[in-house]
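A short worksheet on the structure shown next.
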Amino acid sequence: MNSRITDRIATGVFYTIAAIMVALLLYLFYFILANGLPQVTWDFLTSESSSYKAGGGIRDQLFNSLYILVITMIITVPLGVFGGVYMAEYAKPGKLTSFIRSCIEMLASLPSIVVGLFGLLIFVNKMGLGYTIIGGALALTIFNIPVMVRVTEDAINSVPKEQKEASLALGITRWHTIKTVLLPYAFPGILTGAILASGRVFGEAAALLYTAGLSTPSLDYGNWNPLADNSPLNIFRPAETLAVHIWSVNTQGLIPDIREVANGASAVLVIAVLVFNILARWLGSVIHKKLTAGK
Amino acid sequence: MAKASVSSSAHDRLILTKNNRRWDEVRGRALVTTCAVIMIAATIAITIFLAQKGLQSFFVNNIHPIAYLTSTNWNPTGENASYGIFPFIFGSLAVTFLSALVAAPLGIGAAIFMSEISPKFGKKVLQPVIELLVGIPSVVYGFIGLVVLVPLVRDHLPGNGFSLFAGVVVLTVMILPTVTTIATDAMRSLPNSLRQGSLALGATRWQTIRKVLIPAALPSLLTAIVLGMARAFGEALAVQMVIGNTRDIPGSIFDTSATLTTIVTLNIGHTTDGSIENNTLWSMGLILLIISFIFILVVRYLSGRRKV
């Protein structure tokens with residue numbers, strides 16, 4: 001009898017905890033969207049931010065966030081995928097492999113501000129480039145690689161053994177098997193992982209403060225020459241991203257409409273993360289269905 | 001393959017493709033090995049560069065390391081400049097442990113809910129909820145902390161709102177999904193025979209959870225907590241926005257405080273490269289790196305003790 005009552009109480013507690021988590025998420029989303037969405041107008045998205053007057057937008061920050069994301073993924077995806085292939089297919093159990101695993105674990109658990117410091121030290125202090133997009137992208141690459149490696153390794157390990165063995169039994173070499181059997185099968189998993197990682201990169205700020213900087217030069221969106229100073233495509237220019245912008249308007253407090261700008265920017269950021277999440281799930285399942293001819 | 005279809009002699013089809021394949025194999029191997037080497041190089045480079053830079057305040061500026069770590073007087077710009085970072089170490093440890101203390105029972109509770117109580121609801125609702133919580137950027141957590149939590153604390157609790165307490169609450173929310181995700185994996189990977197055996201002996205579900213499942217999963221559950229702590233310890237911006245950033249050891253949890261990460265974040269941009277203050281900030285960066293090493297060692301130790 002007694003133990004039955006404690007069992008009931010415990011079950012009640014677990015339900016409460018689950019309810020707390022759901023309530024927490026609902027509150028956070030409600031708060032962000034209810035306060036932020038009214039701010040997100042076409043004008044807000046397409047006008048330049050202002051450094052001390054009210055009414056600034058987030059055009060450049062939004063572009064910078066996307067641009068840094070693209071560059072980061074261009075560097076990270078090949079590195080991470082091939083690194084994952086190495087870990088899944090080539091690494092033999094032993095000291096070296098366990099050392100590489102430690103390295104990956106370490107990169108994964110580095111505080112992002114430490115990654116930012118490393119970027120500051122190498123790109124700004126040692127190489128004297130100043131705050132640049134490429135510096136920011138490489139800093140983001142550092143903690144994005146472990147994610148891509150893990151995702152790829154898991155995806156490749158989830159390929160049925162028979163598939164791989166059948167390919168090898170036909171006399172196909174290992175690399176060719178990886179290229180034509182393993183990677184295509186693992187592709188949906190890798191894609192899903194990459195999109196989720198993109199969401200993380202998009203919201204990252206601490207690693208970018210001192211690598212991509214807190215300012216953006218005035219940009220001319222008509223200028224597509226990647227070497228020009230005012231070209232948005234120039235990778236050697238400073239670039240404040242959306243997440244960094246939220247932090248800097250709150251910390252520096254120079255504009256009168258901090259709340260409005262930060263609310264709007266948070267809403268855009270969270271919506272972007274939501275879109276990444278939904279896209280990852282949807283694309284993953286669609287491609288999986290296509291490749292496996294399932295219904 | 002293209003080659004084989006153009007020319008059809010047996011030599012071309014058999015020998016040349018074989019050679020091509022062999023070269024392909026070598027190139028592929030080189031490619032993936034390079035990527036592995038880059039990962040090692042990045043790790044080693046980070047360690048070496050940050051260590052070299054972080055040790056300068058001890059070897060170039062002759063600050064005594066013990067005094068640096070234990071002195072409570074941080075006054076880098078005053079006349080008698082003093083570089084004691086104990087208050088920040090204390091702040092970092094305080095927010096880390098306190099937030100883990102709150103997040104651990106909640107996170108493990110949610111994990112048990114998902115794996116034992118209601119797997120269906122867990123998978124359909126709680127799982128996506130947690131994934132979305134992970135996805136919310138840390139500056140957004142900080143911003144909400146700043147505009148909601150800080151005024152709330154100011155109105156209903158002692159102090160001016162910016163406080164250790166606010167930092168702990170923000171971090172708790174941030175590490176909760178981390179702890180939950182890993183703890184859920186741990187609970188789900190337990191063999192079903194454990195549950196069935198215990199239930200067959202007449203134990204209730206709660207008895208099974210408490211006496212069988214939690215002890216069996218304990219090392220993995222601790223790993224979940226440690227990884228949550230690592231995240232809390234390294235978080236910079238969200239904490240910085242709500243903690244107040246003062247240089248004294250807080251007298252209560254409603255006092256303002258600062259952590260290693262917040263001081264580094266705030267000051268590294270304003271100090272000149274090579275100055276003593278700047279070097280002491282790099283030393284804090286090195287301490288952050290060392291402590292994140294320690295977290296990994298703890299995780300490794302725990303995963304070595306995994307029973308199931």
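All chains are named by letter (A, B, ...) in the order of the sequence lines, taking the proteins before the strands, and each is independently numbered beginning at 1. Everything numeric here is computed off the predicted structure, so don't read it as measured data.
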Interchain contact, [X] with chain A, by part (heavy-atom threshold 4.5 Å):
X      : value
B:L126 : side chain
B:V125 : side chain
B:M39  : both
B:A236 : side chain
B:T34  : neither
B:I40  : both

Report the option among B:I209, B:L288, B:I144 that has the most heavy-atom pairs separated by less than 4.5 Å from atoms of chain A.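 Counting heavy-atom pairs under 4.5 Å, the top option is B:I144.
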
[atom1]-[atom2] distance between [X] and [Y], expressed to the nearest 0.5 angstrom:
X      : Y      : atom1 : atom2 : value
B:F293 : A:L110 : CZ    : CG    : 7.5 Å
A:R101 : B:R300 : CZ    : CZ    : 8.5 Å
B:T33  : A:I100 : OG1   : CD1   : 8.5 Å
A:I258 : B:F143 : CD1   : CZ    : 9.0 Å
B:M114 : A:M21  : CE    : CE    : 6.5 Å
A:I17  : B:L106 : CD1   : CG    : 5.5 Å

I need the residue from [options] with the largest number of non-hydrogen atom pairs under 4.5 Å to chain B.
options                       : answer
A:V13, A:V244, A:I178, A:L120 : A:L120
A:I172, A:N263, A:V270        : A:N263
A:I20, A:V124, A:I122         : A:I122

Does B:W206 offer a backbone N or O that forms a donor-acceptor pair with the side chain of A:D7 under 3.5 Å?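 Yes, the answer is positive, given that a donor and an acceptor are paired below the 3.5 Å cut-off.
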
May I ask you to decide if B:R29's main-chain N or O and A:Y86's side chain share a donor-acceptor pair within less than 3.5 Å?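 No; judged by distance alone, with no hydrogens or angles, the pair does not exist.
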
If we ignore angles and hydrogens, is there a donor and acceptor under 3.5 Å between the side chains of B:R231 and A:S109?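 Judged by distance alone, the side chains do not pair up.
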
If we only count heavy atoms from C-beta on, is the A:Y27 to B:V148 side-chain gap below 4.5 Å?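 When only atoms from C-beta onward are counted, B:V148 and A:Y27 do touch, with a gap below 4.5 Å.
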
Mind checking whether B:S292 and A:V114 have side chains closer than 4.5 Å, heavy atoms only?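 Not touching, per the 4.5 Å side-chain cut-off.
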
Shortest non-hydrogen separation from B:V139 to A:A205 and the atoms involved: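 Looking at all heavy atoms of both residues, the shortest contact is CG1-CB, 3.8 Å.
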
Residues 137-145 of chain A: residues contacting chain B (heavy atom under 4.5 Å, by number):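 Under the 4.5 Å heavy-atom cut-off, A:I142, A:I145 qualify.
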
For A:F29, is it the side chain, the backbone, both or neither that has a heavy atom under 4.5 Å from a heavy atom of chain B?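 Contact with chain B is through the side chain of A:F29 alone.
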
